[in-house]
Amino acid sequence: SSVVNGYHLASIARRRDDPIWEHSEHLREALDREERVLQDLSFENWVSSFAYIVKMRLQPSFDCWHRPESHPDLPLVVKYLLGESPGQMWFPVFDFRVFMRAAVEVTGTDAEVIYDLTELVYDECVEADEDLCGWARRITAEEFVLNHKVVVLTEGRSDIKAIQGSLRILYPHLTDYYSFMDFEGVRAPGGAGALVSMIKAFIGAGIVNRIVASFDNDTAARSALRALRDIQLPDNVRVLHYPDAPWAEDYPTLGPQGPTNMNVNGLAGCLELYFGLDVLKQQDGSLTPVQWRGYDETLREYQGELMNKAGLQARFMEKLQRCEMDPSLLRQYDWTGMEAIINLLRTAFHEYARSCSPEYLQ
């Protein structure tokens, strides 16, 4: 919002130099009020002000801003939204799509949205039967990088199935924004090393799609990623590890010294570790342990692996199927781990989106 606010604050500074404004106390007072609003206006207080407008069922009015004494009880930001651009609900981001997304954040997806084209048709700017959706798609074609699906790569087929299935039931409105690697269709090999090779191939081919490569949070992944140390990743590629899990900080393990609890983040963080405590717990209530296997000479660390991974995958797929058949069961299960991974995908390109275009500043 700072880019848009800065643009309008600069406009205020130019208007102050106009003699018409200089000789009118009323206009100067209006400029002062507008400047105060813009200096403090953020996305967060825009959302709260818009929520107030919706809750109170307020209507745009020129007098709200230019005759503030007529609405003494309204907050200053609310007056500005209602009166500065009647019917447009001024928003601190240029892109109208971002405005609509922010509005839905307040109203929910069940609210009715009416797109009134009366003035555009009356002024002969558009035809009444014109395909404006098609026009919008053509306009945004050049924004391919930001509007096309994000390609998600993982170490294996089971990871894709679990993440894609979780996205489908936890964030169904986001499923069309992601494309997942089809291991079965192309018979691609799995593992951290194969994923590193795939990243190199995508970079070398100049693929313009945004790509998120999600590695396990373990020793094998960190070792394989050493092969990317001397490669400059382009802005459209993100290489990430599954996030550290709080429940993995004191986790049961089996090794030469017998059973012991320790922090397995960064050592044994395969996707199954994020399936939820309801999946990880065994019949006796204990967590499925990590078993220490190979030793990495370079990193001087052991690689850990959850025992009974096939059984954990089967239990998680059953959990997914139950919730797909009956969404009311969703909150009866633990989705903390999968939500953390999906959030990693959702936020992977926040900084990239901002650097590409000021219209995506939020």
Side-chain angles (χ1 to χ4, degrees), residues 152-167 170 180-181 183 189-196 198-199 212-229 238-255 259-282 286-317 319-320 333-348:
V152 179
L153 308 176
T154 66
E155 291 190 23
R157 178 179 58 186
S158 60
D159 290 20
I160 289 293
K161 285 186 175 180
I163 296 173
Q164 195 171 22
S166 299
L167 184 69
L170 295 175
F180 291 85
M181 173 70 182
F183 280 86
L195 181 52
V196 167
M198 195 180 307
I199 293 169
V212 178
S214 297
F215 285 81
D216 288 355
N217 188 14
D218 62 9
T219 303
R222 291 190 292 118
S223 180
L225 281 169
R226 290 171 62 85
L228 293 179
R229 285 180 302 175
R238 290 288 185 272
V239 175
L240 307 171
H241 285 287
Y242 296 145
D244 285 352
W247 57 91
E249 294 175 358
D250 185 30
Y251 199 87
T253 70
L254 296 176
T260 181
N261 279 35
M262 63 177 292
N263 187 348
V264 299
N265 284 310
L267 303 173
C270 60
L271 184 68
E272 288 78 9
L273 192 67
Y274 300 83
F275 281 174
L277 296 180
D278 47 12
V279 173
L280 291 172
K281 284 184 179 178
Q282 304 178 103
S286 64
L287 294 172
T288 302
V290 164
Q291 187 168 41
W292 298 115
R293 299 191 181 277
Y295 182 75
D296 189 285
E297 293 285 352
T298 304
L299 297 179
R300 297 181 180 180
E301 291 178 345
Y302 281 96
Q303 165 67 24
E305 184 174 328
L306 272 172
M307 301 181 67
N308 190 28
K309 288 179 69 171
L312 294 175
Q313 292 168 7
R315 289 169 61 184
F316 183 74
M317 295 310 296
K319 170 177 164 179
L320 277 177
Y333 295 95
D334 178 16
W335 298 99
T336 307
M338 297 310 297
E339 285 180 334
I341 289 175
I342 292 173
N343 190 55
L344 199 69
L345 300 180
R346 293 174 57 226
T347 59

K319 (side chain) donor-acceptor with F275 (main chain) under 3.5 angstrom: yes
Q291 side chain vs G304 backbone, donor-acceptor pair below 3.5 Å: no
Test item: N217 and Y274 side chains (from C-beta on) under 4.5 Å apart, heavy atoms: yes
Close side-chain approach of F215 and V239, heavy atoms under 4.5 Å: yes
Any pair counted as salt bridge (charged side-chain N to carboxylate O under 4.0 Å, His left out), so long as it reaches residues 290-303, sequence neighbours left out: R222-E301, R293-E305
4.5 Å side-chain heavy-atom contact, L271 and Y242: yes
Value rounded to 0.5 Å, distance of NZ in K161 from CZ in F180: 14.0 Å
Close side-chain approach of L345 and V212, heavy atoms under 4.5 Å: yes
Distance-only polar pair, side chains of S166 and W335, donor-acceptor under 3.5 Å: no
Nearest-0.5 Å distance, CG of residue D159 to CG of residue L195: 9.5 Å
Side-chain donor-acceptor pair present, E249, N265, cut-off under 3.5 Å: no
Derivation of the side chain to side chain contact (heavy atoms under 4.5 Å, CB included) call for D250 and M262: CA-CA 5 Å; D250 185 30; M262 63 177 292; over 6 Å; no
Non-hydrogen side-chain atoms of Y251 and N263 separated by less than 4.5 Å: no
Partner of W292 by side chain to side chain contact (heavy atoms under 4.5 Å, CB included), out of L254, L267, T219: L267
Side chain to side chain contact (heavy atoms under 4.5 Å, CB included) between I341 and S214, worked out: CA-CA 9 Å; I341 289 175; S214 297; 5.7 Å; no
Spacing of OG1 belonging to T154 relative to CD1 belonging to I160, to within rounding of 0.5 Å: 3.5 Å
Close side-chain approach of H241 and D218, heavy atoms under 4.5 Å: no
